[in-house]
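Please read the structure below before turning to the comments.
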There are 2 protein chains.
Amino acid sequence: MHQPCKDPLERFVEQCRDHNLRVTPQRTAVYEELMSAANHPSAELVYHRVREKLRHISFDTVNRTLLKFAEISLIGTVEGSGEPRRFDPDTSRHDHVICSRCGRIVDLAPPAADDPPVPPEIRRRYLVTNRRVVFRGTCEACQADQEPQGRRTSARIR
Amino acid sequence: MHQPCKDPLERFVEQCRDHNLRVTPQRTAVYEELMSAANHPSAELVYHRVREKLRHISFDTVNRTLLKFAEISLIGTVEGSGEPRRFDPDTSRHDHVICSRCGRIVDLAPPAADDPPVPPEIRRRYLVTNRRVVFRGTCEACQADQEPQGRRTSARIR
DNA sequence: CTTACTGCAAACCATTTGCACGATC
DNA sequence: GATCGTGCAAATGGTTTGCAGTAAG
């Protein structure tokens, strides 16, 4: 082998094998496109871009592929996106814990001190009005519940 | 007056006046319901609950009311929710800045040290797999852009 | 009495599902 | 060659819009 650091494509093929997913031209194209994407694209956007390479690919394939990739944690999703809008009666500064399994959101008091600072370049270029820390994980109830479920790949953080 | 601290209902009526919104039984019911709601409900859920009091209220009214409340910052929304799903090629620990106006999401390197800690009770009850700081505000381009737009109420934070 | 709000219906958009054909392993 | 993936089409679910009737200020 002559590649000391594993390139993304290799990681992709490896992950597919680990999860019994076949390596198809469509999946490869979607993966490559997403890896070169700068800004957290929607399925729609990935579809339009991939289409320049694989002119006959369907939207459904792109969407299913992205969902599948997220399921095996090859990629991530922006928390909240793709789910029905939810309202928050509390407009004061506070944090959230979201259960990735059941979707329940629990409020957290913000840290007594040491609120995460707005980075200087961001404060200069944005009119920042809101800040929140979002934790994702599996709640007690869902841990107890045995139902088979997607994304179980990720490891606990400290 | 005999109310030293302003109660929520009063705040509601005041905010309505400030924004030329009429105080209707429907709006009042939606507001009261949301204020007593524990868990970041969807429009659908608020609708079902409000319906127990105002049996003839329509879903559309509930939904529009919630949207209107969010627009004038009487309530908040869970970031990302209600928008098309977006994918993130980067699975490593990083933060996000979201422009509330155009929706663009920009990545931020996580703080060098002092990552927001998972509160102890949460670490005990959740299998936490992911943590992110989310800033919301208006990006340069959108600040320059004059188009009239909703939510412009909130003040800059530091 | 003016202007905004509500309720109903239809439109819209993103996402999901079922199925037959085709491709990968 | 068996199984999984793809593409098409239709269904679904949440959200949005237009409009005529109704109510708040």
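Keep in mind that the numbers below use all heavy atoms, side chains included, and drop hydrogens, waters and symmetry copies. First the proteins, then the strands, lettered A, B, ... as listed; each starts at 1.
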#### Entry: d(CG, A:Asn20; C1', C:dA23) in whole Å
17 Å
### Task
Taking atom types as modelled, find out whether B:Tyr31 and B:Arg27 have a side-chain donor-acceptor pair closer than 3.5 angstrom.
no
#### Entry: d(NE2, B:His19; C1', C:dT3) in whole Å
18 Å
### Nearest listed nucleotide, side chain of B:Ser58, among D:dG5, C:dT15, C:dG7
C:dG7
### Message
Which nucleotide wins on minimum distance to the side chain of B:Asp60, given the candidates C:dC25, D:dG7, D:dT16?
### Response
D:dT16
## Note on the structure
Correct closest heavy-atom pair for B:Thr77 and B:Ala70 would be CG2-CB, 3.8 Å
### Message
So if I take every side-chain heavy atom of B:Asn63 and compare against C:dT24, C:dT16, D:dT16, which nucleotide ends up nearest?
### Response
D:dT16
### Task
Can you figure out which of C:dT15, C:dT24, D:dT16 approaches the side chain of B:Leu67 most closely?
D:dT16
### Task
Quickly work out the B:Phe87 CZ to C:dA14 P distance and round it to whole Å.
13 Å
### Proximity to the side chain of A:Leu21 - top-ranked nucleotide from D:dG5, D:dT15, C:dT24
D:dG5
### Task
Using whole Å, report how far CZ of A:Arg86 lies from C1' of D:dG14.
14 Å
### Message
Check this for me: does the side-chain of B:Arg22 come within 3.5 Å of the base of C:dT3 through a donor and an acceptor?
### Response
yes
### Protein-nucleotide distance (B:Arg85, atom CZ; D:dT15, atom P), rounded to Å
13 Å
### Query
To the nearest Å, how far apart are B:His56 NE2 and D:dT22 C1'?
15 Å
### Task
Output the single nucleotide from D:dG7, C:dT2, C:dT24 whose closest atom is nearest the side chain of A:Ile57.
D:dG7
### Message
Expressed as a whole number of angstroms, how long is the span from A:Leu54:CG to D:dT6:P?
### Response
10 Å
### Query
Among D:dT15, C:dT15, C:dC5, which nucleotide sits nearest the side chain of B:Arg27?
C:dC5
### Task
Take A:Arg136 and B:Tyr126 through the test side-chain contact (heavy atoms from CB on, under 4.5 Å) and record every step on the way to the result.
CA-CA 9 Å; A:Arg136 277 209 285 191; B:Tyr126 280 75; over 6 Å; no
### Query
When you measure from the side chain of B:Arg64, which nucleotide among D:dA24, D:dT16, C:dC8 comes out closest?
C:dC8
### A:Arg104, CZ atom: more than 12 neighbouring heavy atoms under 6.0 Å
no
### B:Pro25 vs A:Lys68, nearer the 5' end of DNA chain D by closest nucleotide
A:Lys68
### Message
Are there over 12 heavy-atom neighbours, none belonging to B:Arg17, within less than 6.0 Å of that residue's CZ?
### Response
no
### Message
What is the separation between atom CZ on B:Phe59 and atom P on D:dT17, rounded to the nearest whole Å?
### Response
14 Å
